[in-house]
Peer 1: 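Below are the structure tokens for one structure; questions will follow.
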Amino acid sequence: MVDMSLYAAFLVAAFALCVTPGPDMMFIVAMGGRGGPAAGVMAAFGVACAMFVHTLAAALGLSALFLALPTLYHVLRWAGAAYLLYLAVKAFRDRSVPGEGAAAGAGMRRAFWQGAVTNLLNPKVILFNVAFLPQFVAPEKGHMWEQFLVLGLSITVMGFAVDGSIGLLSGKLSALLRRSRRVARGLNIFSGTVFTGLAVRLVASAPK
């Protein structure tokens, strides 16, 4: 169904991309630092699920709309930046110690959806899938949809393995540090700063 030589090249390229620090990884580090190991892992899972949705969109040709409609790209870019700023404000205003207040299950669901929405509202991820995945699809093999599905599942699983480990480690480190309310407050400020930086980066970015 897939060209094995192309697939091997894809796995090497995908691994290099997954281990290279980027906005998603920084977001997951911030989530783990603020909410603990489980929050970091769930944020990584949300990002991974969103990445798979992007893959399906690319396979269906929907992502190509961003190449034909630049206005749509900018609308999504500003929506993503606004959401990140919303998360930043929440982090800056948070005076609680992680683990207090809301039930753990609700916190994990929130971490998942925040990771998913942040990735889904990043138009650069959409354009990346349009440019990257088709390079490893062999039209002569047929079954184009299945080839996209294999590539998408592969990079999703690989990305979650890397990002989930990062989220777990950052959460464990934060658990050692947040023994006082002052340290917990510092972690919230760190998270808010990361979210703000990602929002500014998204606003400043533009397709070339």
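Note that the structure is a prediction, hence the values are computed from the model and not measured.
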Peer 1: Search all heavy atoms of Ala88 against all heavy atoms of Thr196 and return the closest pair with its distance.
Peer 2: CB-OG1, 3.3 Å
Peer 1: According to a 4.5 Å side-chain heavy-atom criterion applied to Ile, Leu, Val, Met, Phe, Trp and Tyr, with indirect links allowed, do Phe195 and Leu85 form part of one hydrophobic cluster?
Peer 2: no
Peer 1: At what distance, to the nearest 0.5 angstrom, does CD1 of Ile28 lie from CG of Leu169?
Peer 2: 12.0 Å
Peer 1: Transitively linked via ILVMFWY side-chain contacts under 4.5 Å: Val137 with Val12?
Peer 2: no
Peer 1: What's the separation between atom OG in Ser154 and atom CZ in Phe52, rounded to the nearest 0.5 Å?
Peer 2: 10.0 Å
Peer 1: Indicate, with yes or no, if Val53 and Leu60 share a hydrophobic cluster defined by side-chain heavy-atom contacts under 4.5 Å among Ile, Leu, Val, Met, Phe, Trp and Tyr.
Peer 2: no
Peer 1: Just by distance, do the side chain of Ser170 and the backbone of Gly167 share a donor-acceptor pair under 3.5 Å?
Peer 2: yes
Peer 1: Do Val47 and Val157 belong to the same hydrophobic cluster, where Ile, Leu, Val, Met, Phe, Trp and Tyr are linked whenever their side-chain heavy atoms lie under 4.5 Å apart, directly or via other members?
Peer 2: no
Peer 1: Given side-chain contact (heavy atoms from CB on, under 4.5 Å), test Leu120 with Val125 step by step and report yes or no.
Peer 2: CA-CA 8 Å; Leu120 287 172; Val125 177; over 6 Å; no
Peer 1: Kindly compute the distance separating NZ (Lys90) from CZ (Arg34), expressed to the nearest 0.5 Å.
Peer 2: 6.5 Å
Peer 1: Taking side chain as C-beta onward, heavy atoms only, is Thr193 less than 4.5 Å from Phe92?
Peer 2: yes
Peer 1: For the residue pair Met42 and Met108, what are the closest heavy atoms and their distance?
Peer 2: CB-O, 3.7 Å
Peer 1: So, taking the atom named OG1 in Thr55 and the one named CG in Leu149, what distance separates them when rounded to the nearest 0.5 Å?
Peer 2: 9.0 Å
Peer 1: Is it true that Val19 and Ile166 fall in one hydrophobic cluster, defined by side-chain heavy atoms closer than 4.5 Å?
Peer 2: yes
Peer 1: Taking all atoms of both residues into account, what is the closest heavy-atom pair of Gly115 and Phe27, and its distance?
Peer 2: CA-CE2, 3.6 Å
Peer 1: Which residues pass the side chain to side chain donor-acceptor pair (under 3.5 Å) test with Asp24, sequence neighbours left out?
Peer 2: Asn119
Peer 1: What pair of heavy atoms forms the shortest contact from Leu151 to Phe10, and how long is it?
Peer 2: O-CZ, 3.3 Å
Peer 1: Tell me if the CZ atom of Phe132 is crowded by more than 12 foreign heavy atoms within 6.0 Å.
Peer 2: yes
Peer 1: If you compare all heavy atoms of Cys49 against all heavy atoms of Phe112, which two are closest, and at what distance to 0.1 Å?
Peer 2: SG-CE1, 3.8 Å
Peer 1: With heavy-atom distances below 4.5 Å as the criterion, would you say the side chains of Met31 and Arg110 are in contact?
Peer 2: no
Peer 1: Can you tell me how the ring of Phe160 sits relative to the ring of Phe45, calling it parallel under 30°, perpendicular over 60° and tilted otherwise?
Peer 2: perpendicular
Peer 1: Would you say the rings of Tyr7 and Phe136 are close, in the sense that their centroids are separated by under 6.0 Å?
Peer 2: no
Peer 1: State, with a plain yes or no, whether a side-chain heavy atom of Leu11 is found less than 4.5 Å away from one of Met158.
Peer 2: yes
Peer 1: Can you name the closest pair of heavy atoms from Gln135 and Leu6 and give their distance?
Peer 2: O-CD2, 4.0 Å
